[in-house]
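The analysis underlying the following values was restricted to heavy atoms, covering all of them including side chains, and did not include hydrogens, waters or symmetry mates. Fair warning: this is a prediction, and the values are worked out from it, not measured in the lab. FYI, the numbering just counts along the sequence from 1.
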Amino acid sequence: TVAKLRILAGDAHRTKQHLGKLHYPPTARMGPEEERAVRDRLEAIRPALRGVVFSDYGYGSVPRSLLGWAASLQGIPVVADSRARLRDYSGITAVTPNEEEATALLGRTIASDDEACEAAGALREELRTQAVLLTRGNAGMVLSERGRPPVRIPVTGPRTVADVSGAGDTVTAIFTLGLACGLSMEEAARRANDAAGVVVLKPGVATLTRDEWLRIAERAPGDVRLLVLDLD
């Protein structure tokens, strides 16, 4: 398992600012036996799955065999947030890259809203996904959904943040949760944007509290609130 050291700066009585991060990669990779164990576990819980998220940082925990397994799923959203392997996730429901990841794959810069919309659409076509949710930091997000015009989603809350660590993971998780609850792509993306706007105001790798999520869910149609209650 990768270990990460975050470097913070600031006086004792102030909110610390995140300056940098050191990664200590794992010394071993997943072997055939571990891959088989993961697939067996996933097969065992397949009937209960309402959505699947791949959070792929490139450390070897998502072998190609698992991608093949995901391709066999029907009727549930499969969403990926991949640091360096976006092309491996072609054909799934959606991907949630940031601008840096999209730039690396497409080989083009993204400097404006129009360029972000074009890039998200190009990624969706290349990856053959139903949607691309492109995250743009304090510039918000762009959703490119098959058969629909691109949607620009501005950030919610203040633009001054405490720590962006974990914001992308929050977006992917809440976006997938929304789709699993039956929300439209746009509604799920807007709830994910709301959630990210909460966690970036917290230092460290923050998560939503139940009450924070309920306040966000109050603005959503469908069964989002019911799912939160089911988790109790």
Side-chain angles (χ1 to χ4, degrees), residues 1-10 15-45 49 51-71 73 77-110 119 123 126-127 129 132-138 141 161-177 192 195-196 199-200 202-208:
T1 301
V2 64
K4 301 180 181 182
L5 175 66
R6 287 178 169 80
I7 303 169
L8 308 179
T15 300
K16 302 294 190 295
Q17 295 298 313
H18 185 186
L19 298 184
K21 180 168 56 178
L22 299 177
H23 287 199
Y24 298 90
T27 56
R29 294 279 175 161
M30 185 182 292
E33 292 186 4
E34 289 85 2
E35 286 186 34
R36 193 177 306 111
V38 172
R39 288 199 306 274
D40 290 346
R41 173 59 179 156
L42 291 171
E43 277 299 321
I45 64 173
L49 292 177
V52 173
V53 172
F54 286 103
S55 183
D56 184 357
Y57 280 72
Y59 292 112
S61 296
V62 187
R64 291 186 181 277
S65 60
L66 288 187
L67 301 183
W69 172 85
L73 298 175
V78 179
V79 181
D81 181 11
S82 177
R83 183 64 56 87
R85 298 173 58 199
L86 275 173
R87 283 194 174 93
D88 289 350
Y89 292 91
S90 62
I92 65 172
T93 307
V95 294
T96 60
N98 59 31
E99 283 191 347
E100 180 182 0
E101 293 157 355
T103 295
L105 191 147
L106 293 172
R108 68 171 80 169
T109 58
I110 301 173
L123 270 180
E126 180 169 342
L127 299 179
T129 58
V132 168
L133 181 58
L134 179 64
T135 61
R136 308 184 61 216
N138 62 8
M141 305 177 182
V161 303
D163 196 330
V164 298
S165 300
D169 301 308
T170 299
V171 167
T172 304
I174 299 301
F175 179 62
T176 308
L177 177 62
V199 300
V200 298
K202 304 178 182 183
V205 183
T207 58
L208 287 173

Specify the closest pair of heavy atoms between [X] and [Y], including all atoms of both residues, with the distance to one decimal.
X: Pro25; Y: Tyr59; answer: CB-CE2, 3.9 Å
X: Met141; Y: Leu133; answer: SD-CD1, 3.9 Å
X: Leu66; Y: Phe54; answer: O-CZ, 3.8 Å
X: Leu134; Y: Ala102; answer: CD1-CB, 3.8 Å
X: Leu208; Y: Ala195; answer: CD1-CB, 3.6 Å
X: Pro97; Y: Leu123; answer: CG-CD1, 3.9 Å

Just verifying a value: how many Å separate [X] [atom1] and [Y] [atom2], rounded to the nearest 0.5 Å?
X: Ile7; Y: Leu19; atom1: CD1; atom2: CG; result: 7.0 Å
X: Glu100; Y: Arg83; atom1: CD; atom2: CZ; result: 7.5 Å
X: Asp81; Y: Thr96; atom1: CG; atom2: OG1; result: 4.0 Å
X: Thr172; Y: Asp56; atom1: OG1; atom2: CG; result: 11.5 Å
X: Glu99; Y: Thr135; atom1: CD; atom2: OG1; result: 8.0 Å

Original post:
Any side-chain heavy-atom pair from Val95 and Glu101 closer than 4.5 angstrom?
Top reply: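 They are not in contact (no side-chain heavy atoms under 4.5 Å apart), so the answer is no.
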
**OP:** Starting from the C-alpha separation in whole Å, work towards a yes-or-no answer on side-chain contact (heavy atoms from CB on, under 4.5 Å) for Asp88 and Arg64.
**Re:** CA-CA 8 Å; Asp88 289 350; Arg64 291 186 181 277; 3.3 Å; yes

Original post:
Taking the side chain from Thr93 and the backbone from Val78, do they hold a donor-acceptor pair closer than 3.5 Å?
Top reply: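 Indeed, once roles are kept as given, a pair shorter than 3.5 Å links the two residues.
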
**OP:** Walk me through it: do Ser55 and Asp169 pass the test side-chain contact (heavy atoms from CB on, under 4.5 Å)?
**Re:** CA-CA 7 Å; Ser55 183; Asp169 301 308; 3.5 Å; yes

Original post:
Between Arg29 and Glu34, does at least one N-O distance fall below 4.0 Å, as a salt bridge requires?
Top reply: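 No, Arg29 and Glu34 are not salt-bridged.
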
Original post:
Got a sec: does the CD of Glu126 have more than 12 other heavy atoms crowding it under 6.0 Å?
Top reply: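 Yes.
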
**OP:** Inspect the surroundings of CD in Glu43 and state if more than 12 heavy atoms from other residues, nucleotides or ligands are less than 6.0 Å away.
**Re:**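 More than 12 heavy atoms, drawn from other residues, nucleotides or ligands, come within 6.0 Å of this atom.
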
Subject >> Verdict with supporting geometry, Val52 and Ile92, side-chain contact (heavy atoms from CB on, under 4.5 Å) >> reply: CA-CA 10 Å; Val52 173; Ile92 65 172; over 6 Å; no

Subject >> Pair Tyr57-His23, side-chain donor/acceptor within less than 3.5 Å >> reply: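 There is no such pair (donor and acceptor under 3.5 Å, judged by atom type) between the side chains of Tyr57 and His23.
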
**OP:** In sequence, state the C-alpha distance, the side-chain angles, and the governing distance for Tyr89 and Val62, and then conclude on side-chain contact (heavy atoms from CB on, under 4.5 Å).
**Re:** CA-CA 11 Å; Tyr89 292 91; Val62 187; 3.3 Å; yes

